[in-house]
Q: 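Please read through the structure below; I'll follow up with questions.
When a residue number appears, it is its place in the shown sequence, counting from 1. Basis for what follows: all heavy atoms, side chains included, without hydrogens, waters or symmetry-related copies. All ligand and atom numbering here is 1-based and tracks the order in the structure. It should be emphasised that the depicted structure is a prediction, and the values quoted were computed from it without experimental measurement.
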Amino acid sequence: MDKLIIKGGRQLKGSVRISGAKNAVLPIMAATILCPGDHRIDNVPSLRDVSTMGRLLEHIGYDVEADGSCAVIRSNGQNVTDAPYELVKTMRASVVVLGPLLARYGRARVSLPGGCAIGARPINMHLMALEKMGAKITLEEGYVVAEAKRLKGADIMFDIPTVTGTENVLMAASIADGVTRIENAAREPEVIDLADALVSMGAKIEGAGEGIITVEGVEGLKPLDYSVIPDRIEAGTFMAAVAMTKGDVILENCRVDHLDSIVDKLRSSGVEFSDEKEGLRVKMNRRPLSQNIRTMPYPGFPTDMQAQLMALMSIAEGTSVITESIFENRFMHVAEIKRFGADITIEGSTATIRGVRSLKGAPVMATDLRASASLVIGGLGAVGETTIDRIYHLDRGYESIETKLTALGADINRSKG
Ligand code: EPZ
């Protein structure tokens, strides 16, 4: 297994281009199932999860050609409506093929994603919504089997906002018969990006990004030609890395309007931001100030940035309290960050971080995607050498992170294991 080796203490300086958003490109790739023809998606990041989604589409009956940051997806006439466990178990986001398969072909058999390191990750709300739209859903040997002659528009109310649940319904409702109204819809920028992509295919969607979304089903859609938004979590991760190393970096191609809650917290901890013509400049020349953080659905502070901010707060002046309110087990990184010498205690869904002057490099192990990012941040700021094992987690969601960090002056190398 590949490892990362980091010699800490180097200030990050220069500029870095933010790649396309993983959590936008995955549902947008799934949306190509909704209609035949040749689809083109630009600003596609080169990530393990993107190639997994590509393999899943190929399994279903699409030829997927990646050419740099562009993906061309064309149907090859097979219409397999199965998403097998072998593929789904490596990427939970595969669940977003359920809605489009069912809407397009009237049938879908998708492996239940199973849990992951951060929680049980049920999909009951996805299934409730599709049943309301007329689907007959059974669970057979670990698979969701869904059937519907033609889905009907329905009024859907989610108990809590679900990102991929909202996305499944948006795609299914786009070619259902009648109007679908989603209440308590997820408002993440990635949901808006999917809605914009569907509208560019001819879907009729109002209200994406607000709590209530209305979709008027149409007979058919046209092939996609769309460019994906930049990845706000990659941008936030680099901001935390710059703050940890007292650096000065310009983030090119990032959507500042997607980053309000992250910028607010970092600014309160002493990070300086300024809009330059090349992009957003992020500067830090002091020890961060402690912060209290509660993760919330967008536009609140994102759970996908919780681990990264915890790494930064471990050297803050003062005591920080971080409450994880989205997932039930998203503190797997705490034990690893403590190996750097951080002083963190957990009480249920709340972590208390008493800032220490500095971290010391150590061998650590990644447990999930964003946890691995927090260990990179810790290693960049720690005195001495850090080795991070199981970095396949990192490769799922960060495009060439060590190349980008090296270009900013970090001493970071990948050892092929
Ligand atoms: C999406 O996951 C993201 N993944 C996650 O990013 C992100 O952490 C999460 O949204 C929250 O923002 C993608 O977009 C591919 P949810 P998703 O449904 O859709 C519960 C990353 O690091 N729930 O919004 O699976 C669920 O257990 C990943 O890039 C149900 O109970 O998350 C959680 O507690 C990690 N029943 C809460 O809702 C359901 O049917 C929010 O989950 C669905 C969800």
Side-chain angles (χ1 to χ4, degrees), residues 19-31 45 47-50 52-53 56 88 90-99 110 112-132 137 139 144 156-171 182 184-195 228-229 231-237 258 261-262 294-308 323-330 332-333 349 366-374 393-399:
S19 304
K22 167 178 88 82
N23 290 350
V25 73
L26 295 175
I28 289 171
M29 287 173 78
L47 302 171
R48 281 168 64 106
D49 276 5
V50 171
T52 303
M53 182 60 83
L56 183 52
V88 174
T90 62
M91 183 184 67
R92 303 180 33 73
S94 313
V95 72
V96 294
V97 303
L98 176 60
V110 176
L112 274 168
C116 71
I118 63 179
R121 313 288 295 276
I123 59 167
N124 57 305
M125 290 193 279
H126 300 233
L127 304 183
M128 169 279 291
L130 294 173
E131 276 178 331
K132 282 211 165 174
I137 292 187
L139 299 184
V144 172
I156 311 284
M157 156 75 90
F158 285 129
D159 299 342
I160 49 175
T162 158
V163 172
T164 48
T166 302
E167 290 165 348
N168 253 329
V169 174
L170 275 180
M171 290 187 276
I182 311 170
N184 212 6
R187 300 168 54 187
E188 274 69 5
E190 295 76 27
V191 173
I192 301 173
D193 210 28
L194 171 65
V228 169
I229 54 170
D231 194 316
R232 63 192 167 99
I233 304 300
E234 184 193 20
T237 303
H258 293 164
S261 61
I262 301 169
R294 171 184 287 274
T295 64
M296 294 295 282
Y298 194 89
F301 188 87
T303 174
D304 292 349
M305 276 298 301
Q306 181 254 105
Q308 299 91 310
T323 303
E324 172 54 56
S325 70
I326 306 291
F327 290 110
E328 69 269 27
N329 186 33
R330 202 168 196 172
M332 302 282 281
H333 43 282
S349 61
T367 50
D368 60 86
L369 169 55
R370 306 306 174 182
S372 43
S374 75
H393 290 291
L394 199 63
D395 297 332
R396 293 189 45 196
Y398 289 94
E399 184 174 48

Q: Can you tell me if CG on D159 sees more than 12 non-hydrogen neighbours from other groups inside 6.0 Å?
A: no

Q: As an exercise, identify every atom of ligand 1 less than 4.0 angstrom from a heavy atom of A93.
A: 15 (C)

Q: With distance as the sole test, does N168 use its side chain to make a donor-acceptor pair with the main-chain N or O of V95 at under 3.5 Å?
A: yes

Q: Does any N/O atom on T162 come nearer than 3.5 Å to any N/O atom on ligand 1?
A: yes

Q: Any N/O of N23 closer than 3.5 Å to an N/O of ligand 1?
A: yes

Q: Look at atom 23 (N) of ligand 1 and say which protein heavy atom is nearest, naming residue and atom and giving the distance to 0.1 Å.
A: M125 CE, 3.6 Å

Q: Between D193 and V228, is any pair of side-chain heavy atoms under 4.5 Å apart?
A: yes

Q: Would you call R330-D304 a salt bridge at under 4.0 Å N-O?
A: yes

Q: Nearest protein heavy atom to atom 38 (O) of ligand 1, by residue and atom, and its distance?
A: I160 CD1, 3.3 Å

Q: When only distance counts, is F327 in polar contact with ligand 1, meaning an N/O pair under 3.5 Å?
A: no

Q: Check M128 against F158 and note the closest heavy-atom contact, atom names and distance.
A: CE-CD2, 3.9 Å

Q: Does the side chain of R370 reach to within under 4.5 Å of the side chain of Q306, using non-hydrogen atoms?
A: no

Q: What atoms in ligand 1 come closer than 4.0 Å to a heavy atom of R330?
A: 8 (O), 22 (O), 35 (C)

Q: Is there at least one pair of N or O atoms, one from T303 and one from ligand 1, spaced under 3.5 Å apart?
A: no

Q: Considering the heavy atoms of I326, write down every atom of ligand 1 situated less than 4.0 Å from one of them.
A: 33 (C), 34 (O), 41 (C)

Q: Quick one: which of V144, V110, T164 gives a side chain to side chain contact (heavy atoms under 4.5 Å, CB included) with H126?
A: T164

Q: Just by distance, do the side chain of E190 and the backbone of A21 share a donor-acceptor pair under 3.5 Å?
A: no

Q: With no hydrogens and no angle check, is any side-chain donor or acceptor of E188 less than 3.5 Å from a backbone partner on Y298?
A: yes

Q: Using heavy atoms and a 4.0 Å limit, tell me yes or no: is E190 in contact with ligand 1?
A: no

Q: Just distances here: any N/O of G165 and N/O of ligand 1 closer than 3.5 Å?
A: no

Q: Return the closest protein heavy atom for atom 16 (P) of ligand 1 as residue, atom name and distance.
A: V163 N, 3.7 Å

Q: In the protein, which heavy atom is nearest to atom 5 (C) of ligand 1, and how far is it?
A: D304 OD2, 3.8 Å

Q: If you have a sec, work out which protein heavy atom is nearest atom 31 (O) of ligand 1 and how many Å separate them, to one decimal?
A: P122 CG, 3.4 Å

